[in-house]
Structure formats: structure tokens, C-alpha cells
2 protein chains.
Amino acid sequence: MADGITDRVRPRDRILETAQDMFHKHGIKGVGVDAITEAAGTNKMTLYRHFESKDELIIQCLRASAAKGAAIWDEFEAEHPGDKLAQLHAWVHKVADMLAADGRGCDMANAAVELTEPNHPARSVIKELKSAQRDRLVALCRDAGIGQAELLADTLSLLFEGARVSVQTMGCQGPSTQFVRMAEGLISSFRAR
Amino acid sequence: MADGITDRVRPRDRILETAQDMFHKHGIKGVGVDAITEAAGTNKMTLYRHFESKDELIIQCLRASAAKGAAIWDEFEAEHPGDKLAQLHAWVHKVADMLAADGRGCDMANAAVELTEPNHPARSVIKELKSAQRDRLVALCRDAGIGQAELLADTLSLLFEGARVSVQTMGCQGPSTQFVRMAEGLISSFRAR
DNA sequence: TCTGATAGTTACAGACCGGTAACACCCTAG
DNA sequence: CTAGGGTGTTACCGGTCTGTAACTATCAGA
């Protein structure tokens, strides 16, 4: 291989990064561990030395994916320091960009659809990570001085989640193109109350 | 078996009904054709005499699922003949009931998440069925005398879709419990314009 | 130079997958 | 009664899946 990355990055990190990407694109049940290790330039034994099972790998991928999403929020704070309302609007536009750029939805939501067993170890992790996302949006709405911050945050959350699904069912030219208009309308409507 | 149903209903219909139920509960990739035929009280050969492949069975299940959903709309018309606004409110409450009663989401949306291949034969069917759903809601909003009927219908659609996903990620006690409040707020907001 | 941890290779186990072949059975229409 | 279509049964094909065993190669640090 000698592609640089393979040499410098440790196998565990390469596996995690590759698995994240492949799970996102092809779904969890659509990718086998063999395919992951091959794409990561390593082998199955090394994967099982670092992750005790595919389920454990899935969980670590979900955590990594959520961490990447959380990192975006720091950009909002950096771009609009202290201005929570501006950060909320930045969130809306960032979300719209994601809808246009990525034809697949949220990794956690997709995983919840695929892993139907009620006691699958990933389910509690998904719930935990999704709750954290919600809490952050609620806090942003509240700090932006909006009454009924929880209701607005939940509405925006569901709208976002629905848009990401809609991209998968009806394509990126469907209803999701109206996301900014919908979200901005909601925000101004809540601010007027 | 001699469970009555097995005797009276034709194998093809039993397979279709059983497959729908199992795909809905366990996901498409989570159910094999053997499991379907066994649960339907028949066998694999009979399945392949009626459906040329698993993919074809999936498509027929999606069509059947959408047809069941469409049948609900006729109830609205029967309960509130001519009163389109009342029918829209009936839709909102029916949707809320579904959110509370069923922990799994929309069959078409779930299928879109699972079947990631861009040229999978089910994808075009999903798009077609989802577009028909959207068109029906748009027409209802327009006939209810609402300006910007398309925008309201799309907003309600995404909200609904998001709520069905939210039930799977955060449970039926999460943000989806606020669906009626959100939807009613949107409708009255659009009517006020 | 020796040691020990990390990583790669090959082969395999056991299960499950979608799909097919060949054949026996039953039930109904004629 | 008989013919034939729909159905059930068994066995099988080739492939893929997660996970493991046994062995080898590499390389850094003492």
C-alpha cells in the first residue's frame, strides 16, 4: 500500500475511521468486518484485537460520529462569540448545508433503524447521544432568550431529523430544500410570542 | 398448523402479510426468506413461485404498506365529509396515535435507510410512494383553504417523519410526544397569514 | 543482541443467506 | 375417475457472515 496514511496512523484509528465511513455509506448490516479491514489496509485479527466484537466497533463508531457533530458547535461559538441567537441561525444554515451535501442521514438514526433488537447494546448509546444533542439545542434556544425553548428545540430537532430521512426517500431535491424557510419561520414565530 | 388462517387464506397473501409484519418489526436485512415462509406456515419454494426474488417481495410489501396508509385517509373523508380543515386535524391526531402505538417508523423510510445501493429496484418505488403521500397532504392543506399549502404540508411531513425516527432513537416518551402541539401550532400559524 | 508487544497471514469453524432442483402430495374441475 | 395446477418436502448450491487458532514478521527499547 504505502499510501502514507496506512503507515503513519495506528491500525485501530484507521479501522475506526474506515468503519465510520463505510457504515455511513452502506449501512451497518451492509458492511462486513472483512471489507472494513481490507479498506483500512489491515486484517481481521487486528480488528478483533482492538474491538471485542462488531457490536463494540459499531458503538465506538457512533461515539466518534457524535463527537464530530459536537465539534461543529464549537465553530458556532467561535464565529459568533456570546451571540446565542446568531449561533442558532448558524446552526440552521449548517444543517441545510449538510442536507444538500450528504445523501445519507444521521448515523445514530440509521443505526436505530437497522438494529431492531430491543436490547442491542448500541440502543442505549444511541439514546444517550441523541439526548445530549437535544439538550444542547434546548440550551442554545434558551440562552438565545426564546420562551418555550424546549418546544422550539424539539420542533427543530424533529424537522431536522425528518429532513435527513426525506433526503434518503425523496432525494435532495425534495421537501428538505425548504428546511431553512421552515426553521427561520419557526424561530421568528417563537420569538414573537 | 390448522390455525384457520393458514387454511383459508392463499399462501401468496399469507406470505405478503407475514413479510410486511416481519420487515416492519425486524428490518429487511434482519429477516431471511426462510423465517418468513416458516412464520407464514408455508415454504421457500412457494414463496419463489409467487415472487421472483426477495427484492420483488420487498417492493410488494412496500406497496401494500402504502396502500394501508392510504386507506386511513378515506376514514377522514368519511368522518368529516367535505370539511377539509377537520380532516387535517384528524390527520394530526391519527399521526400522534401512531407515534404512541408503534415503536417502529415508516416502512418506506426504514427501507430507504437499509437499502443503500443507489440503483436498488425498491428505491424508485419508495420515491414514488412517498411523493404520492406528500401530494395528498398538499392537496388537503390547499383544499382546507390554507395559503402556502405546499410549505405547510412539507413542514408537517418532515415533522412527522422526524417524529417517527425520534421514536426509534429516543423512545416514545421523547420529543415526539409534543407532535400534536407542534402541528396544531403550525396550522394555526399558517391560517393566520 | 535479545525480548516483548504489535501487526500480518492463512486457514478454518459454524451459521446463515438467497435461490434452485426434483419429487411427492392433495384437491378440485372436467 | 382422471388430469393437472397449486402446494409441500427435502436436499442442495455457492456465497457471505462473525469470530478464532496458529503461526510468522516487524520493530522499538533495554
Side-chain angles (χ1 to χ4, degrees), chain A residues 1-20 22-23 25-62 111 114-117 119-123, chain B residues 1-20 22-23 25-62 111 114-117 119-123:
Chain A
M1 296 287 163
D3 52 87
I5 292 173
T6 309
D7 295 343
R8 258 174 290 276
V9 182
R10 299 178 82 83
R12 195 194 124 94
D13 297 328
R14 268 152 43 204
I15 291 169
L16 202 55
E17 199 70 26
T18 308
Q20 247 184 281
M22 295 183 76
F23 285 155
K25 285 181 186 156
H26 311 297
I28 290 172
K29 299 207 175 165
V31 178
V33 291
D34 265 323
I36 293 170
T37 55
E38 191 187 336
T42 177
N43 57 77
K44 197 155 50 169
M45 271 315 301
T46 299
L47 186 152
Y48 280 104
R49 284 191 194 105
H50 290 289
F51 305 93
E52 72 170 1
S53 65
K54 185 185 181 183
D55 281 347
E56 184 59 31
L57 174 62
I58 291 166
I59 288 171
Q60 296 307 326
C61 283
L62 291 175
E114 287 202 80
L115 309 176
T116 61
E117 304 148 75
N119 295 323
H120 192 287
R123 296 204 74 83
Chain B
M1 295 289 165
D3 52 86
I5 293 174
T6 309
D7 295 343
R8 257 174 291 277
V9 181
R10 300 177 83 83
R12 196 196 123 97
D13 297 328
R14 269 155 39 208
I15 290 170
L16 202 54
E17 199 70 27
T18 307
Q20 247 183 282
M22 295 182 76
F23 285 154
K25 284 181 187 156
H26 311 296
I28 290 172
K29 299 209 175 162
V31 179
V33 291
D34 266 322
I36 293 170
T37 55
E38 191 188 335
T42 177
N43 56 77
K44 199 155 51 166
M45 271 316 300
T46 300
L47 187 152
Y48 280 103
R49 284 189 193 106
H50 290 289
F51 305 93
E52 70 170 2
S53 65
K54 186 185 180 183
D55 281 347
E56 185 59 32
L57 175 62
I58 291 167
I59 288 172
Q60 296 306 326
C61 284
L62 290 175
E114 285 201 81
L115 308 174
T116 60
E117 304 148 76
N119 295 324
H120 192 287
R123 294 204 75 82

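Letters A, B, ... are given to chains in the order of the sequence lines, protein chains preceding strands, and every chain is numbered from 1.
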Report task. Using modelled atom types only, decide if a donor and an acceptor are shared between the side chain of B:Lys54 and the backbone of B:Ile28 within a distance under 3.5 Å. Result -> yes

Query raised in the report: Separation of A:Lys29 atom NZ from C:dC16 atom C1', in whole Å?
Result: 13 Å

Report summary line: Looking only at D:dA21, D:dG19, D:dG8, the nucleotide nearest the B:Arg14 side chain is D:dG8

Report task. Tell me, with the steps shown, if A:Thr37 and A:Thr46 meet side-chain contact (heavy atoms from CB on, under 4.5 Å). Result -> CA-CA 8 Å; A:Thr37 55; A:Thr46 299; over 6 Å; no

Requested in this report: Write down the distance between CG (A:Leu47) and P (C:dT9), rounded to a whole number of angstrom.
Outcome: 15 Å

Query raised in the report: Taking atom P of C:dT6 as reference, at what distance in whole Å does atom CD1 of A:Ile15 sit?
Result: 14 Å

Query - Short side-chain N/O contact to D:dT7 OP1/OP2 from B:Thr42, under 4.0 Å - result: no

Query - Closest non-hydrogen atom pair between A:Tyr48 and A:Ser53, with its separation - result: CE2-CA, 4.0 Å

Report task. Give a yes or no answer on whether the side chain of B:Thr18 reaches the backbone of B:Ile15 with a donor-acceptor pair at less than 3.5 Å. Result -> no

Report summary line: Testing D:dT18, C:dG19, C:dG8 for proximity to the side chain of A:Lys44, the answer is D:dT18

Query raised in the report: Is any side-chain nitrogen or oxygen of B:Thr46 closer than 4.0 Å to OP1 or OP2 of D:dG8?
Result: yes

Report task. Return yes if some donor-acceptor pair links the side-chain N/O of B:Glu114 with the main-chain N/O of B:Lys29 below 3.5 Å, else return no. Result -> yes

Query - Rounded interatomic separation in angstrom, taking CZ from B:Phe51 and P from D:dG6 - result: 15 Å

Requested in this report: Find the distance B:Asp13:CG to D:dG6:P and express it as a whole number of Å.
Outcome: 14 Å

Query raised in the report: A:Lys54 side chain: which of C:dA7, D:dG8, D:dG19 is closest?
Result: D:dG19

Report summary line: Quick note, B:Tyr48 side chain, CB onward, closest among C:dT20, C:dG8, D:dA21 is C:dT20

Requested in this report: Take atom CG of A:Asp34 and atom P of D:dT16, then tell me their distance rounded to the nearest Å.
Outcome: 10 Å

Query raised in the report: Can you tell me how far C1' of C:dA7 sits from NE2 of A:His50, to the nearest Å?
Result: 8 Å

Query raised in the report: A:Met45 or A:Ala35: which one's nearest nucleotide on DNA chain D is closer to the 5' end?
Result: A:Ala35

Query - A:Asn43, nearest nucleotide to its side chain (from D:dT10, C:dT9, D:dT18) - result: C:dT9

**Report entry** Atom-pair distance (CD on A:Glu38; C1' on D:dT16), nearest Å
**Finding:** 14 Å

Report summary line: Between B:Arg49 and B:Asp55, whichever has its closest DNA chain C nucleotide further toward 5' is B:Asp55

